[in-house]
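Nothing here was measured: the structure is a model prediction, and the numbers come from that model. Sequential numbering from 1 along the given sequence is applied to the chain's residues.
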Amino acid sequence: DVRSALDMEAALASALGDDLGGADALIMTAAVSDYRPALRSATKVKKEGERVVLELAKNPDLLAAVGARRGARSRPVLVGFAVETGDEGALVAYARGKLEAKQVDLIVANGAEHAFG
C-alpha cells in the first residue's frame with residue numbers, strides 16, 4: 001500500500017530490484033500525481049486571511065525513471081498511458097513524444113473526453 005508518489009517510487013524500486021529483474025513487464029496506467037504540496041503539515045493548517053498560497057513540488061516521473069534505468073535492455077517491457085485534451089492529431093503527437101521521452105515500448109493513447117468521467 002502506498003499513499004504518495006514518493007511511497008510508490010520506493011515500492012517500485014523494491015519490487016523491481018537494482019537490476020530491474022523483479023518483473024518481466026511493467027504497466028504504468030497513470031501518474032499518482034504530477035505535483036505534491038511542497039510543505040507538509042502534521043497539524044491542521046489554520047485559516048488566516050482571505051487567500052492562501054499553496055506551493056507545489058514536482059513528483060518524480062516513475063515511468064521515465066524506469067525507462068532511463070533500463071537503457072538498452074529489453075526487460076522489463078514498459079507500457080505507459082497518455083491522455084490528451086486536444087484533437088486526435090495532438091493526442092498522437094503527445095503519445096509519440098511520450099513514447100520516446102520516457103523510453104517505453106508501448107503507449108496507450110486516450111482522448112480525455114473518453115478517458116475521464
Side-chain angles (χ1 to χ4, degrees):
D1 290 341
V2 299
R3 297 184 54 87
S4 71
L6 298 178
D7 289 348
M8 179 67 84
E9 182 179 45
L12 191 56
S14 175
L16 292 175
D18 290 338
D19 65 351
L20 302 177
D24 292 323
L26 179 62
I27 301 170
M28 303 287 283
T29 59
V32 175
S33 177
D34 291 332
Y35 295 91
R36 66 182 181 278
L39 299 174
R40 292 182 67 173
S41 176
T43 61
K44 178 182 176 185
V45 177
K46 300 293 184 181
K47 182 173 31 175
E48 294 179 11
E50 293 298 314
R51 303 178 89 198
V52 65
V53 176
L54 178 63
E55 187 174 337
L56 301 176
K58 190 170 173 101
N59 270 325
D61 186 327
L62 304 178
L63 180 61
V66 174
R69 283 183 54 211
R70 183 180 71 154
R73 290 179 280 183
S74 61
R75 292 279 188 254
V77 173
L78 296 179
V79 180
F81 283 69
V83 175
E84 180 60 41
T85 57
D87 62 20
E88 186 175 328
L91 173 61
V92 170
Y94 176 66
R96 285 188 193 278
K98 194 171 186 178
L99 183 73
E100 294 172 17
K102 296 182 188 279
Q103 301 178 54
V104 299
D105 300 299
L106 178 70
I107 290 286
V108 177
N110 295 293
E113 69 276 8
H114 303 294
F116 299 131

Arg3 side chain to Met8 backbone, donor-acceptor under 3.5 Å: no
Side-chain donor/acceptor of Asn110 to backbone N/O of Ala112, under 3.5 Å: no
Counting only heavy atoms not in [X] (residues, nucleotides, ligands), do more than 12 fall under 6.0 Å from its [atom1]?
| X | atom1 | result |
| --- | --- | --- |
| Glu113 | CD | yes |
| Arg69 | CZ | yes |
| Asp18 | CG | no |

Residue pair Pro76 / Arg70, side-chain heavy-atom distance below 4.5 Å: yes
Residue pair Arg75 / Leu20, side-chain heavy-atom distance below 4.5 Å: no
Count I, L, V, M, F, W, Y as connected when their side-chain heavy atoms are under 4.5 Å apart, and connections chain through other members. Are [X] and [Y] then in the same cluster?
| X | Y | result |
| --- | --- | --- |
| Leu91 | Val104 | no |
| Val77 | Met28 | no |
| Val79 | Leu12 | no |
| Leu99 | Val92 | no |
| Tyr35 | Val83 | no |

Closest heavy-atom pair and its distance - Ala68, Gln103: CA-NE2, 3.9 Å
Stepwise side-chain contact (heavy atoms from CB on, under 4.5 Å) test for Leu6 and Arg36: CA-CA 10 Å; Leu6 298 178; Arg36 66 182 181 278; 3.8 Å; yes
Evaluation steps, side-chain contact (heavy atoms from CB on, under 4.5 Å), between Val66 and Leu26: CA-CA 9 Å; Val66 174; Leu26 179 62; 4.1 Å; yes
Evaluation steps, side-chain contact (heavy atoms from CB on, under 4.5 Å), between Phe81 and Leu63: CA-CA 10 Å; Phe81 283 69; Leu63 180 61; over 6 Å; no
Ser4 OG to Asn59 CG distance, which is reported to the nearest 0.5 Å: 7.5 Å
Those residues that, when tested against Lys98, pass salt bridge (charged side-chain N to carboxylate O under 4.0 Å, His left out) (two or more places apart): none
